[in-house]
There are 2 protein chains.
Amino acid sequence: MALEHAILVSLDERPGTGYELARRFDKSIGFFWAATHQQIYRTLKRMDDLRWVTAEEVAQDGRPDKKVYRVSPEGRQELQRWLRETGEPATVRHDLAVKIRGASLGDPRAVAEEVARHRRHHAERLDVYRAIEKKDFPDPSALHGRRLHQHLVLRGGIKAEEALLEWCDEVLAAMREDDPR
Amino acid sequence: MALEHAILVSLDERPGTGYELARRFDKSIGFFWAATHQQIYRTLKRMDDLRWVTAEEVAQDGRPDKKVYRVSPEGRQELQRWLRETGEPATVRHDLAVKIRGASLGDPRAVAEEVARHRRHHAERLDVYRAIEKKDFPDPSALHGRRLHQHLVLRGGIKAEEALLEWCDEVLAAMREDDPR
DNA sequence: TCACTCATGTAACAGGTTACATGATTCC
DNA sequence: GGAATCATGTAACCTGTTACATGAGTGA
């Protein structure tokens with residue numbers, strides 16, 4: 001499991017509450033590792049039990065108390081151990097591919113519409129990534145260390161979305177030619 | 001959940017046992033939908049209860065009895081219903097991206113080695129996909145219906161692996177330049 | 001007044017992973 | 001003799017998803 005490790009990386013960049021982490025997982029780090037707030041609270045509790053993080057309770061007025069989590073030395077050690085580990089590429093599960101493969105058992109036009117929906121989604125996502133790149137990494141060749149690594153991950157997102165977008169276009173063109181309306 | 005639907009698509013192409021399905025999920029359909037034999041047996045039982053498939057027990061000599069599953073009319077209906085459904089793109093979880101983003105908190109060279117391992121994996125996978133394309137789809141422009149859809153899914157796999165391969169190369173080049181040995 | 005944000009959680013369930021178990025046959 | 005193949009499963013556990021719950025403050 002890498003959720004713990006994704007949290008360690010994120011908390012090392014900057015300490016935060018479960019709530020804040022949940023929002024980071026809705027963007028930035030969440031672009032390549034999805035997690036809901038329930039998963040995050042549950043995992044933070046476990047990490048606290050393991051002493052990978054320390055929690056500092058902060059009272060606030062007019063707001064519920066919050067727990068600010070920080071990575072502990074043990075947590076940093078665990079992260080280093082995990083970074084040295086080898087692992088297999090993620091097993092993929094693409095609903096859309098299953099739908100395309102089964103298209104002729106149902107209504108191929110409905111499947112083509114679904115592909116078009118996904119195309120729009122990937123185009124939007126790609127725009128978001130490119131906007132982030134332009135804003136946060138205007139001069140990529142000057143990057144080093146952590147900033148370089150952050151940019152490289154973003155580059156992965158851009159490449160993946162580009163490939164998905166091209167694929168959707170290829171599928172749509174081929175299906176349109178197979179069944180011109 | 002789409003495992004049921006992936007099984008329906010696969011069984012519609014050709015009936016088979018849980019064991020056979022498990023092996024199909026090690027290749028072809030498994031390239032874009034992973035499943036273990038335990039998941040498949042469990043799911044087939046549920047699908048049998050729901051009457052989406054019918055099981056025919058076949059006695060064999062020298063071999064354990066087997067159950068050959070076929071898609072039922074109800075199963076075909078369920079598949080058609082699902083094909084008309086809309087869904088969101090799969091939520092991704094890339095360990096490797098988390099490792100790259102955290103590289104500077106550990107040993108960046110160890111992470112680079114891990115990227116190189118993944119690069120080899122993707123290169124192999126791409127070779128496999130291209131070999132299948134050459135063998136099974138020598139004339140893509142002549143394809144229609146089911147065969148066309150099968151080819152389009154394979155194209156998705158090829159595009160995804162190409163993108164991952166390029167990304168690994170980009171990451172390796174950038175990390176090497178950042179930390180020349 | 002109503003929706004949204006901040007902040008944390010419980011509970012139930014669905015889905016996925018890992019380990020273990022059985023037993024004959026075929027191939028090296 | 002030992003490994004791989006065919007064939008099916010149980011059990012325990014870990015992860016992930018969905019729904020529900022609370023409660024104050026902020027802004028339209």
Side-chain angles (χ1 to χ4, degrees), chain A residues 1-7 11 15-27 29-30 32-50 53 55-69 82 85 87-95 98, chain B residues 1-7 11 15-27 29-30 32-50 53 55-69 82 85 87-95 98:
Chain A
M1 227 271 278
L3 176 55
E4 282 97 333
H5 302 102
I7 289 175
L11 282 184
T17 66
Y19 186 83
E20 273 181 89
L21 276 169
R23 279 181 314 134
R24 291 185 209 171
F25 276 80
D26 283 339
K27 39 179 183 20
I29 205 155
F32 50 90
W33 197 278
T36 61
H37 86 271
Q38 294 84 350
Q39 258 180 288
I40 289 167
Y41 281 120
R42 192 211 260 156
T43 305
L44 277 172
K45 181 172 270 179
R46 193 170 356 121
M47 291 170 76
D48 194 13
D49 291 344
L50 287 166
V53 293
E56 184 199 354
E57 296 222 21
V58 177
Q60 305 184 109
D61 45 47
R63 285 281 151 85
D65 292 359
K66 62 182 182 181
K67 283 181 219 160
V68 177
Y69 289 95
W82 179 74
E85 244 183 39
E88 294 315 302
T91 53
V92 285
R93 288 187 174 112
H94 293 301
D95 286 65
V98 177
Chain B
M1 226 269 278
L3 176 56
E4 282 98 332
H5 303 103
I7 290 175
L11 282 184
T17 66
Y19 186 84
E20 273 181 89
L21 275 170
R23 279 182 313 132
R24 291 185 210 170
F25 276 80
D26 282 338
K27 40 178 183 17
I29 204 154
F32 49 90
W33 197 277
T36 61
H37 86 270
Q38 293 84 348
Q39 258 180 289
I40 290 165
Y41 281 120
R42 191 211 263 157
T43 304
L44 278 172
K45 180 171 271 179
R46 193 171 356 122
M47 290 169 77
D48 194 12
D49 292 343
L50 288 166
V53 293
E56 184 198 356
E57 295 221 21
V58 177
Q60 304 184 109
D61 44 48
R63 285 282 152 84
D65 292 359
K66 63 180 182 182
K67 284 182 217 159
V68 178
Y69 290 96
W82 179 74
E85 244 183 39
E88 294 316 300
T91 52
V92 286
R93 287 188 175 112
H94 293 298
D95 286 64
V98 178

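Values reported hereafter were calculated over all heavy atoms of this structure, with side chains retained and with hydrogens, waters and symmetry mates removed. A note on names: the letters A, B, ... follow the listed sequences, proteins ahead of strands, and every chain is numbered from 1.
With rounding to whole Å, B/Asp48 atom CG is found 14 Å from D/dT8 atom C1'. Between A/Met47 atom CE and D/dT15 atom P there is a gap of 12 Å when expressed in whole angstrom units. Going from atom CD1 of A/Ile7 over to atom C1' of D/dG16 covers 13 Å, rounded to whole Å. A/Gln39 places its CD atom 16 Å from the P atom of C/dG9, with the value rounded to the nearest Å. The distance between atom NE2 of B/His37 and atom C1' of C/dT18, rounded to the nearest whole Å, is 11 Å. Atoms NZ (B/Lys67) and P (D/dC6) sit 19 Å apart, rounded to a whole Å. Computed from coordinates, the B/Leu21 CG to D/dA7 P distance equals 12 Å when rounded to whole Å. Rounded to whole Å, the distance from NZ on B/Lys66 to P on C/dT22 is 25 Å.
In this structure, the salt bridge (Lys or Arg N to Asp or Glu O under 4.0 Å) partners of B/Glu4, at least two apart in sequence or on a different chain, are B/Arg46. Under the ring pair (Phe, Tyr, Trp, His ring centres under 6.0 Å) criterion, B/Tyr19 pairs with no residue, sequence neighbours left out.
Within 4.0 Å (heavy atoms only), B/Gln38 reaches at least one base atom of the nucleic acid.
Nearest heavy atom pair, residue B/Ile40 against residue B/Ala22, reads CD1-CA, 3.4 Å. Here the shortest heavy-atom pairing between B/Tyr41 and B/Gly18 reads CE2-CA, 3.9 Å. The shortest non-hydrogen separation linking A/Leu3 to A/Ala35 is CD1-CB, 3.8 Å.
Not one side-chain nitrogen or oxygen of A/Lys45 sits closer than 4.0 Å to the OP1 or OP2 atom of C/dT8. The phosphate of C/dC6 has neither OP1 nor OP2 within less than 4.0 Å of any side-chain N or O from A/Thr17. The shortest distance between the side-chain N/O atoms of A/Arg93 and the OP1/OP2 oxygens of C/dG16 is below 4.0 Å. The phosphate of C/dT18 has neither OP1 nor OP2 within less than 4.0 Å of any side-chain N or O from B/Thr36. Contact annotation: A/Tyr19 side-chain N/O to C/dT8 OP1/OP2 distance is not under 4.0 Å. Between B/Tyr41 and the phosphate of D/dG9, there is no side-chain N or O to OP1/OP2 separation shorter than 4.0 Å.
Under the 3.5 Å distance criterion, the side-chain polar atoms of A/Arg93 are matched with a main-chain donor or acceptor of B/Ala34.
A donor-acceptor contact under 3.5 Å links the side chain of A/Arg42 to the base of D/dG16.
Direction of the helix axis in the helix from C/dT1-D/dA28 to C/dC28-D/dG1 shifts by 40° between the two five-pair termini, rounded to 10°.
Comparing B/Thr91 and B/Val68 by the nucleotide of DNA chain D whose heavy atom lies nearest to each, the residue mapping closer to the 5' end is B/Val68.
Of the candidates B/Met47, B/Arg24, B/Gln39, B/Ile7 forms a side-chain contact (heavy atoms from CB on, under 4.5 Å) with just one, namely B/Met47.
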